[in-house]
Amino acid sequence: RTGVRVTVQGQTRLAHALGHELFDALQIGVRTGSIGGLLATSLALGGMAGMWLLIRDTLALSGFGSGAAIVSFYLRVGGGIFSKGADIGADLVGEIQEHRQEEDERIFQLQQSMANLEAHRKDRERKGLEGDDEDMLEQLRKMESEMQDIASQLHPIDFLDAVGENICDVSGTCADLFESMVLILSTSAIIGTKGSPVPHFNSGLPFWIVATGKIGCSLVAYYCHAHERYTSRQIRWSLRFNLISVIILVQVVQILISFQEFLAGMIDFTRFWHFCVISLMGQLAPEMCVMFAEYFTSVDYAPVRSLAMNADLGVVQVVLQGFGQGFFSTSLPAALMIVIVILTWQMESHYGLVLLSASSVSGTGFQGGIASYGAVATNAHKIVHLTTYHAMTRHRANICAALGGSTAHAGNTVSAVNAFSAVFNVALTLLAQSYTSLDQNYMQVTGSILSNYSQAGLVTGIVLTFLFCANTMIACLDTSRAFEKFCRESPDVSRIDRLPFPQSHIKPLKTLTAYGTILSMRMVFSPMINTLAVPLIGGYMLGVKGLLFLISGSNVLILCLSTLLINSGQSWVAARKLVLFGLLKNPEGEVIGPDSVHNRNLLVGESIGGPMEDTTGPAMNNFIKFVAVFAFVTGGPAGLYDE
C-alpha cells in the first residue's frame, strides 16, 4: 500500500521534473520506485528474523511463508488480471467511439509538428535570423489546447491503465519478491540446522548475506549517475553499476564471516572457497539472465528494431518473429541456471543450493525498486505527452519511459529466477522433513531415480501448469469483456460533461477502480483452486516421491515458459513503442507513424503479448511457489501423504 501510494504521488512530480533536467528527474523516479522494493524486502527480512527469534522453531517459519504465498498470489495474479483486463477493455470501449480510432495518429502528428517547429527555430537561430517567435508561440498554444482536447475526450477507462501499472508493476512485483525472500530464508534456516556440523553458522550465513545486500541496496538507491545527453541504455548501465556495488559489498562481508569461521576451525578451507564461489554465482545469475533478456526486449537493441521493421510483412510475421525471439531468449537463462545448480550441487550439495538461493535475493531490494520505477516512468510519460509541447521535456520522457520498460521487465525476469531458486529450496526442505521424520538421513537417501510415481508426477505437473496458463488468460479476457459491458450499461462511468477536465473523469475513474478490484479478485478464484489442486492431487495419488518430482519438473518448465511469455510479450510492446515515439524510419529516412501498416500489425502482437507479459508469465512464478509451499505444509509437518 505504501509503495503504490508513493508511486502515485511520485509520477506527477517526475512529470514536472522532466521539464528541468534529466538527472534530477531520474533521481526522483528511482528513489520513488525504490521505496516499494526496499520496504517489501525489509519486511521480509525483519519478519523472518523476528519470528525465528521469538518462536525458535524453524518449522514454524513455514507458516509465515504460507501466509506470504497466499497474499502474494492474490496481488500478483489479481493485479495482472486487473491491469490487462482494463487495458483490453479500454480497447473494446474505444472501438465504440470514433475519436479513439484517430487518437494515436493525432498525437503522433502533434509530436511531428512540434519537432518541425523546434527544428525551424534552431535553424533560424543558427542563421542569425530574428524571427517569428510570436507566431510559433501561437501555434504551440493551439497544439497544447488540442492536446488537452484529446485528453478530455478520452473515456475514463482509458486512464485506468495508470492504476493497473501501479498494481501490476509495484504491488505485484514487490509482493512477489517479498514471498521469494521469505521462502528462501525460512527454508535456509531449516536446511541449515538439519544434518549440519555447524548449525549456527549454516543457518545464520544466509541472513548475513541478505541483510548486507539490503543495506547496500538502500545506499545505492539514493543516487544514480546520469547526464543530460545519456540514452536509456547508458542510464541502464549506470543502474547496473549500482548493483555491482551491492555485489561487492555482500562478497566482502560474506568472505569476512566465512573466514572467521575458518580461523575458528568450524569449516575447512575447501568449504570456505566453495561458499565464496557459490555466493558470487548466486548474486550474478539474476542480472546475467536480465542482460540476455534485455537484448531481445529493449528498444536499444537490434532484435526489437528488426521486429518493428519487418512488421509490414504481415501479422503472421510479427507473431512468429516475436515468439521465435522469445524462444531463443529462453535458452541462455535456462542453461545458465542449470549449469549453476549442477556446479553448486557438486561443491556443497543441499546446503550449497540454500546458499545459492540466498545470494540470488541479496540484491532484490534494488531490483524491485527499479522495477517499480517502470510504473512511475510510464505514467509520467503519458502525463507529459498529453500536457506539454516542450520538445526537450518530451525527449526526456521518452528516455525515462524506455528505461522504465526495461527495468519493469527486469523485475519480472528476476522474479522468475528467484522463484526457481525458492522452489528448489522448498523441495529440498520437503525431502529433508519427510525422511528425518522417519529417522533417516535425508542426505543419504538412495533408490531408483525414476519410477512409475516419479514419471506420473512429472506429467501431472506439466498438465496442471498448462491448465493454470489457460485459467489466467481466460480470466483476462473475461475481465475485459466485463469492463466493456459495464461501460456500455452504466452511466456512472462516462465522463461528466458539465465539469472541466480532469474533474470530469475523477468520479467515473473511482467507480471503475472499485468495480475492477472486486471483479479481478473474483477472477482469481479459478486459478487459486487450480493451484491448490496440484499438490493435493500429486500428494494423495503419488505420495511424497511423486510430489517431489511434480514440483521439480514443474519448476524447470515454469522457468522456461515464464521467460518465454515475458520476453515475447515485451518484444511486441517495445517494437510498437518505436513507432509511437517516432523512432522508426524507413530506408528513405522517413518516419513511420501510427497510420502505417507496421503499427496496425504490431498492435495485434501487443494485444496478444499483453496478458502473456503482465499476467500469465509473472503469475506462473507465484503458481509454482504456492504449489511448493502448500506441498511442504501438507506433506511435511502435517504428514498427509505416504512416503
Side-chain angles (χ1 to χ4, degrees), residues 1-4 36 39-41 43-48 50-51 55 59-83 167-168 170-187 190 361 364 368 415-416 418-423 425-427 429-430 464-465 467-468 471-472 475 517-539 547 550-551 554-555 558 562 615-616 618-638 640:
R1 179 179 178 180
T2 302
V4 172
L39 183 60
T41 49
L43 290 174
L45 176 61
M48 290 306 303
M51 288 286 294
I55 298 177
L59 283 180
L61 298 178
S62 61
F64 193 93
S66 301
I70 295 172
V71 175
S72 176
F73 186 92
Y74 260 91
L75 286 175
R76 172 63 94 176
V77 180
I81 291 172
F82 179 99
S83 177
I167 294 175
C168 190
V170 181
S171 63
T173 301
C174 292
D176 196 340
L177 298 177
F178 173 87
E179 178 193 12
S180 294
M181 183 171 288
V182 165
L183 294 181
I184 287 172
L185 288 177
S186 60
T187 52
I190 297 172
V361 297
T364 52
S415 296
N418 288 346
F420 179 77
S421 301
V423 171
N425 268 19
V426 176
T429 308
L430 175 59
L464 293 177
T465 297
L467 180 61
F468 177 81
N471 256 324
T472 52
T517 302
I518 297 172
L519 178 64
S520 59
M521 289 298 101
R522 204 172 71 227
M523 290 295 179
V524 175
F525 288 160
S526 180
M528 174 69 80
I529 294 171
N530 182 173
T531 305
L532 291 173
V534 175
L536 292 176
I537 293 174
L547 189 57
L550 182 153
I551 295 172
S554 299
N555 193 27
I558 285 175
S562 174
T615 305
T616 303
M620 293 180 72
N621 304 321
N622 297 83
F623 163 76
I624 189 59
K625 286 186 288 186
F626 198 173
V627 167
V629 170
F630 197 66
F632 171 73
V633 172
T634 55
L640 298 181

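Contact of the T615 side chain with the R76 side chain is not registered, since no non-hydrogen atoms from C-beta on lie closer than 4.5 Å. Taking 4.5 Å as the limit, every side-chain heavy atom of L177 sits out of range of all side-chain heavy atoms of V361. Within the 4.5 Å cutoff, the side chain of F626 has heavy atoms near those of the L532 side chain. Annotation: side chain of F420 is not in contact with side chain of N621 (no heavy-atom distance under 4.5 Å). At a threshold of 4.5 Å between non-hydrogen side-chain atoms, the residues F468 and P527 count as touching. Two residues are said to be in side-chain contact when any heavy atoms from C-beta on lie closer than 4.5 Å; M528 and Y74 meet this criterion.
A distance of 13.0 Å separates CG of L43 from CE of M48, quoted to the nearest 0.5 Å. In this structure, the separation between CG on L547 and CZ on F630 is 11.0 Å, given to the nearest 0.5 Å. For the atom pair S554 OG and M620 CE, the distance stands at 9.0 Å (nearest 0.5 Å). Between the CG atom in N530 and the CG atom in L467 there is a gap of 4.0 Å [rounded to 0.5 Å]. Rounding to the nearest 0.5 Å places CE of M523 at 4.5 Å from CG of L519. A distance of 10.0 Å separates CZ of F623 from OG1 of T472, quoted to the nearest 0.5 Å.
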* side chain to side chain contact (heavy atoms under 4.5 Å, CB included) evaluation trace for V524 with F73 -> CA-CA 9 Å; V524 175; F73 186 92; 3.9 Å; yes
* Could you walk me through whether K625 and D176 pass the side chain to side chain contact (heavy atoms under 4.5 Å, CB included) test, one step at a time? => CA-CA 10 Å; K625 286 186 288 186; D176 196 340; 2.3 Å; yes
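The heavy-atom pair separating F178 from A40 by the smallest distance is CD1-O, 3.0 Å. Scanning all heavy atoms of the two residues, the minimum distance from G78 to S520 falls at O-CB, 3.5 Å. Minimum heavy-atom separation, P618 to S562: N-OG, 4.4 Å. Across all their heavy atoms, S526 and N471 have their closest contact at OG-OD1, 2.7 Å. Among all heavy-atom pairs drawn from T364 and M181, the shortest one is OG1-CE, 3.4 Å. Shortest non-hydrogen contact noted between N418 and I184 is O-CD1, 4.2 Å.
Between the side chains of S72 and N622, at least one donor N or O lies within less than 3.5 Å of an accepting N or O.
Checked by atom type and distance alone, the side chain of T187 pairs as donor or acceptor with a backbone atom of L183 at under 3.5 Å.
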